Amino acid sequence: MERYFQPEIERASRDEIVRIQNEKLVKQIRRVWDAVPYYRKKMEEKGVTPDDIKTIDDIRKLPFLSKADLRDAYPYGLLAKPLKECVRIQSTSGTTGKRVVAFYTQHDIDIWEECCARAIVAAGGTNEDVCQVAYGYGLFTGGPGLNGGSHKVGCLTVPTSSGNTERQIMFIMDLQATILCCTPSYAAYLGESMKEMGYGPDDIPLKAGIFGAEAWSEEMRRDIEKTLGIKAYDIYGLTEISGPGVSFECSEQRGMHINEDHFYAEIIDPDTGEVLPEGEQGELVFTCLDKEAFPMIRYRTRDICVLTREKCSCGRTHVRMRKPQGRTDDMLIIRGVNVFPSQIETVLLNQGYAPNYQILVDRVNNTDTLEVLVEMTPEMFTDNLGDISDRQSKLAAGLLSMLGIKAKVSLVAPKSITRSEGKAVRVIDRRKI
Ligand code: DLL
């Protein structure tokens with residue numbers, strides 16, 4: 001039976017959700033106008049005042065906020081509460097320039113942790129579970145967010161943080177952990193290590209995993225589920241909007257429900273800024289409806305995504321987002337063709353490889369080159385050059401059909417590509433160096 005952490009709001013009617021969103025948006029915009037000169041200036045430039053915002057549909061009148069604004073206003077320029085009311089920061093490196101520093105009041109931490117608790121309960125978590133949190137703790141939001149959510153659900157929380165794989169496995173086995181929270185790439189690595197130590201899926205006490213913070217494919221999900229003997233749930237979020245738990249998967253595993261009583265989502269055309277209709281792919285934009293200290297308004301995430309309001313069999317009514325396909329800034333343009341690392345991963349996993357690969361992009365004689373280093377699994381490892389060459393050709397053909405461009409494939413020995421304990425580094429683009 002499906003369980004919910006906050007059933008009333010998670011299953012609220014559409015009308016009720018819209019009523020809450022209308023009310024919260026009007027209040028939030030008036031508050032940031034009064035408290036944050038940076039927002040007021042941006043709104044004035046767009047010719048809009050709080051009086052123009054009466055319902056959630058009026059959100060389209062508001063200016064967007066981007067990473068560049070965060071850089072301009074660093075560190076305190078977007079703070080909407082006095083420092084004495086703020087109790088925490090979290091921070092992420094971002095891909096360019098200054099780090100993002102996000103601020104929280106106690107209220108902000110409470111709603112963030114509640115969102116993570118919703119995710120844990122959706123993955124089957126109860127106060128009988130032992131929940132091992134192997135996301136990094138500290139400035140990264142993964143550890144603190146899931147840790148707080150796990151407390152709220154009443155799980156026995158095991159705050160291992162990331163790394164030290166042997167110790168992770170020891171705690172999973174000794175404490176009989178039932179829920180594992182970490183990045184999908186680290187989950188795959190833990191699975192690989194446990195298999196090597198002789199643990200099969202039936203020996204491993206875990207029943208569910210809550211994996212996010214990076215793009216991962218359906219094939220990778222199936223792989224992890226099989227090795228660890230669990231159901232693997234996706235969780236999404238970003239530091240600017242709070243951290244993990246902005247959206248999460250339910251038992252349906254068909255998209256992540258956005259906690260839209262707190263975070264309002266839109267999809268826009270990344271080139272024109274035009275809001276796109278439901279079902280179309282574009283850039284995801286979030287507005288924090290009731291966050292106090294760092295209330296991002298129409299923040300452009302750069303994540304490429306699709307929203308759907310199709311009814312979900314889990315009973316939750318909140319809008320769902322598809323797995324982000326990648327980020328506008330992850331997208332590689334190789335010989336004029338858009339390539340997402342997730343597409344390459346899909347081809348590799350479909351041909352029986354593990355998700356251990358690296359994508360090398362370079363420019364030789366003014367032409368972009370794409371090379372994919374792929375680890376052979378121990379079972380396929382061979383020194384028969386003919387076999388290796390056949391495998392390489394098959395992978396190259398799969399990549400050509402998925403991407404529409406040629407890639408050089410190099411098979412490498414098992415364990416030769418560095419494993420990651422947090423977000424995996426998949427792409428080395430030498431064109432920028
Ligand atoms: O990664 C927050 C998080 C922690 C989410 C733990 C889930 C679990 P940042 O470091 O600020 O925050 O990175 C945010 O990571 O804009 C996406 O591009 C990417 N991302 C996060 N979750 C997913 C996911 C955390 N489930 C950026 N699938 C976001 C794909 C994801 N990409």
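Since the structure is predicted, the reported quantities are computational estimates derived from the model, not experimental observations. Atoms within a ligand are numbered from 1 in the order they appear, just like the ligands themselves. The residues of the chain are indexed from 1 along the displayed sequence.
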Handout entry: Contact partition for T92 relative to ligand 1, non-hydrogen atoms under 4.0 Å
Key = side chain
Practice task
Can you sort out which atoms of ligand 1 are near D234, meaning under 4.0 Å from one of its heavy atoms?
Solution key: 24 (C), 26 (N)
Exercise for the section: Looking only at protein heavy atoms, identify the closest one to atom 11 (O) of ligand 1 and say how far it is in Å. Expected result: T239 OG1, 2.6 Å
Practice task
Name the orientation class of the two ring planes belonging to H257 and F248 (parallel below 30°, tilted from 30 to 60°, perpendicular beyond 60°).
Solution key: tilted
Practice task
Note the single closest protein heavy atom to atom 15 (O) of ligand 1, along with its residue, its atom name and the distance in Å.
Solution key: K423 NZ, 3.3 Å
Exercise for the section: Return the set of residues passing ring pair (Phe, Tyr, Trp, His ring centres under 6.0 Å) with Y74 (not counting sequence neighbours), or none when no residue passes. Expected result: none
Handout entry: Protein residue, atom and distance nearest to atom 18 (O) of ligand 1, heavy-atom basis
Key = D303 OD1, 2.6 Å
Exercise for the section: Determine, for E260 against R14, whether the closest basic-nitrogen to carboxylate-oxygen distance falls under 4.0 angstrom. Expected result: yes
Problem - Residues K67 and E240 bridged, charged N to O under 4.0 Å - result: yes
Handout entry: I235: numbered ligand 1 atoms lying under 4.0 Å from its heavy atoms
Key = 7 (C), 8 (C), 22 (N), 24 (C), 26 (N)
Exercise for the section: Take every heavy atom of F211, measure it against each atom of ligand 1, and state whether any distance is under 4.0 Å. Expected result: no
Exercise for the section: For T160 and Q168, test the side chains for any donor-to-acceptor distance below 3.5 angstrom and give the result as yes or no. Expected result: yes
Exercise for the section: State plainly whether the residues R316 and E2 are in salt-bridge range, i.e. N to O under 4.0 Å. Expected result: yes
Handout entry: Protein heavy atom at shortest distance from atom 25 (C) of ligand 1
Key = G237 O, 3.5 Å
Exercise for the section: For the residue pair T165 and Y186, confirm or rule out a side-chain donor-acceptor distance under 3.5 Å. Expected result: yes
Practice task
Identify, for atom 19 (C) of ligand 1, the protein heavy atom at the shortest distance, and state residue, atom and that distance.
Solution key: A213 O, 3.8 Å
Handout entry: Residues I56, K24; criterion side chain to side chain contact (heavy atoms under 4.5 Å, CB included); working and verdict
Key = CA-CA 9 Å; I56 194 74; K24 287 187 177 177; over 6 Å; no
Practice task
With heavy atoms of P324 as the reference, note each atom of ligand 1 found under 4.0 Å away.
Solution key: 28 (N), 30 (C)
Completion exercise
shortest atom 31 (C) of ligand 1-to-protein heavy-atom contact is with E214 N, 3.6 Å
